[in-house]
There are 2 protein chains.
Amino acid sequence: MRRDAILEAALSEFYEKGLAAARLDDIAERAGVSKGTLYLYFSSKEDLFRGLIDHHTGPAIERIKSMVGLAPSMEQALESFSHIAPSIIKETSMPLMIKVMIGESQAFPDIIRHHRTQIIDQCYSILIDALQAAQDRGEIDIDNVEMTARLVFAPVVYSGIWRSVFDPVSEKELDYDALFKAHTKMMLRGLNYRPQTQRDGT
Amino acid sequence: MRRDAILEAALSEFYEKGLAAARLDDIAERAGVSKGTLYLYFSSKEDLFRGLIDHHTGPAIERIKSMVGLAPSMEQALESFSHIAPSIIKETSMPLMIKVMIGESQAFPDIIRHHRTQIIDQCYSILIDALQAAQDRGEIDIDNVEMTARLVFAPVVYSGIWRSVFDPVSEKELDYDALFKAHTKMMLRGLNYRPQTQRDGT
DNA sequence: TAATACTGACTGACCAGTCAGTTATATAGA
DNA sequence: TCTATATAACTGACTGGTCAGTCAGTATTA
């Protein structure tokens, strides 16, 4: 679709040059359309930017919810997390979007605020609930559930940054599989994880 | 100093708007000088940007080296780390610099490459050496030293981003002290940390 | 009175956004 | 099936505003 081609080209250009420095002529050329056509789909450069964000972050929450919310044990949750995370980092444009959004965060505080409240806080509360439930059934033993949730998530942010910022200037890319494997192992120990038996832990 | 005032103003403007969108007139006004004066200290906007980076990242390595390199045990190293990290996040302009550098990373790959090789890799090798030494004397027990070093550092990146991107759009700021306290605790457990006695562990 | 530091109006390049004109597609009638 | 006409999709030269960088002139200090 024309619209998708434009969005893809816009992401590339915004990622490479930033919103202000990206030229609509370049985006149009990259998408294989003329500049005028851009304005048939988006009313302005800013509208294109906002359209890009909507396009990429709409489906994001659902994926995360299903990933974390439905695992039977903390071990399995972390296991599937550390499996899926590297492929998201390597194969989706999430890291590029992160880079672009960080770059424009001060210029568009409403977008950032919206994302924090609608996506990030959502993710944390899912994660916090999962941790709290595991804590309640004696599966893990931690002091500060909220901060622990952030620590579980920190390597995702780290990887997103590394992927979009440092991988492009490195000879070989970071081994995200190894990183998340190590993370899972560290977490399980750090959480004082003890597998629950079949019996109810009451 | 005039030069310092200009650099400070430049950081604020670059942070708020990005390099391309920042106007030299605004930087000059913010620094309390005329636009012409900027050109007495810096030959171009890009030169100002590079000057800013040099100004902030020159002293950085030394601080980190002294922090991690000289602690007698892993526990003490992590302890001092989790003490110093929050104050660096909250009280220095490191998070702002991180945000700016991420935003311009694709536009100035040479700067990013230089930083990775000269600062980040340095930090990691210090950290890796410290972990390896602790491993060798039986203080900790981990599989992957390199990835573990990255996991120790991940919350610093996370905090830097949160500080510069999300704190400005939040009612209350993140509790970085609690975050790093939790991190240290998790790490000590995750590393399988066992304090060494006075005796040699051979 | 010389040298140095600073100023801010000016200019030329650049680019977001426009719109008159062109091309492609759909519909209808012969 | 072929032409005519209407409509929708697209094009790219053009314009007006913006801003990095300049430099002749002014203020300050030695």
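Naming convention: chains lettered A, B, ... in sequence-line order (proteins, then strands); numbering from 1 in each chain. In this text, all values refer to a predicted model and were calculated from it rather than measured experimentally. All heavy atoms count here, side chains included; hydrogens, waters and symmetry mates do not.
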Inset, instruction - Only counting residues at least two apart or in another chain, list the ones meeting salt bridge (Lys or Arg N to Asp or Glu O under 4.0 Å) with B:Glu29. - result: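 B:Glu29 satisfies salt bridge (Lys or Arg N to Asp or Glu O under 4.0 Å) with no other residue.
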Inset, instruction - Please identify each residue that fulfils salt bridge (Lys or Arg N to Asp or Glu O under 4.0 Å) with A:Glu16, with sequence neighbours left out. - result: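 Here the qualifying residues are A:Arg30.
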Inset, instruction - Assess whether salt bridge (Lys or Arg N to Asp or Glu O under 4.0 Å) is satisfied between A:Glu171 and B:Arg116, documenting all intermediate values. - result: CA-CA 12 Å; A:Glu171 313 79 55; B:Arg116 189 183 57 73; 3.4 Å; yes
Legend entry - Residues forming a side-chain hydrogen bond (donor to acceptor under 3.5 Å, both in side chains) with B:Arg2, sequence neighbours excluded: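 Applying side-chain hydrogen bond (donor to acceptor under 3.5 Å, both in side chains) to B:Arg2 gives none.
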Inset, instruction - Check side-chain hydrogen bond (donor to acceptor under 3.5 Å, both in side chains) between B:Gln76 and all other residues, then give those that pass, not counting sequence neighbours. - result: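 Here the qualifying residues are B:Ser73.
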Inset, instruction - Name all pairs fulfilling the ring-ring contact (aromatic ring centres under 6.0 Å, His included) condition that reach into residues 99-144 of chain B, sequence neighbours left out, sorted by first residue then second. - result: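 Those involving residues 99-144 of chain B are B:Phe49-B:Phe108, B:Tyr124-B:Phe153.
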Inset, instruction - Using heavy atoms and a sub-4.0 Å distance, could you list which residues of residues 46-56 of chain B are near DNA chain D? By number, please. - result: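 Here the set is empty: none.
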Legend entry - ring pair (Phe, Tyr, Trp, His ring centres under 6.0 Å) against B:Phe166, all qualifying residues, sequence neighbours excluded: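 Checked B:Phe166 against ring pair (Phe, Tyr, Trp, His ring centres under 6.0 Å); matches are B:Trp162.
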Inset, instruction - Report the residues that fulfil ring pair (Phe, Tyr, Trp, His ring centres under 6.0 Å) with A:Tyr176, sequence neighbours left out, ordered by chain and then residue number. - result: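 For A:Tyr176, no residue satisfies ring pair (Phe, Tyr, Trp, His ring centres under 6.0 Å) once neighbours in sequence are set aside.
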Atom pairs under 3.5 Å, N or O on each side, protein against nucleotides 3-9 of chain C: can you list them with distances?
from	atom 1	to	atom 2	distance (Å)
C:dC6	OP1	B:Arg2	NE	3.2
C:dC6	OP2	B:Tyr41	OH	3.1
C:dT7	OP2	B:Ser34	N	2.8
C:dT7	OP2	B:Ser34	OG	3.1
C:dT7	OP2	B:Thr37	OG1	2.5
C:dT7	O5'	B:Ser34	OG	3.3

Please give, in whole Å, the distance from [N] [atom2] to [X] [atom1]?
X: B:Lys45; N: D:dG21; atom1: NZ; atom2: C1'; answer: 11 Å
X: A:Tyr39; N: C:dA20; atom1: OH; atom2: P; answer: 17 Å
X: A:Glu29; N: C:dC15; atom1: CD; atom2: C1'; answer: 15 Å
X: B:Leu38; N: D:dA20; atom1: CG; atom2: P; answer: 10 Å

Legend entry - Within residues 73-90 of chain A or reaching into it, pairs that qualify as salt bridge (charged side-chain N to carboxylate O under 4.0 Å, His left out) - sequence neighbours excluded: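 Pairs touching residues 73-90 of chain A that pass the test: A:Lys90-A:Asp177.
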Legend entry - Selection residues 99-111 of chain B - residue pairs positive for salt bridge (charged side-chain N to carboxylate O under 4.0 Å, His left out), sequence neighbours left out: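 As it turns out, the salt bridge (charged side-chain N to carboxylate O under 4.0 Å, His left out) pairs with a partner in residues 99-111 of chain B, which skip direct neighbours, are B:Arg50-B:Asp110.
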Legend entry - DNA chain C contacts made by residues 10-25 of chain A, counting heavy atoms under 4.0 Å: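 Listed by number, they are A:Ala22, A:Arg23, A:Leu24.
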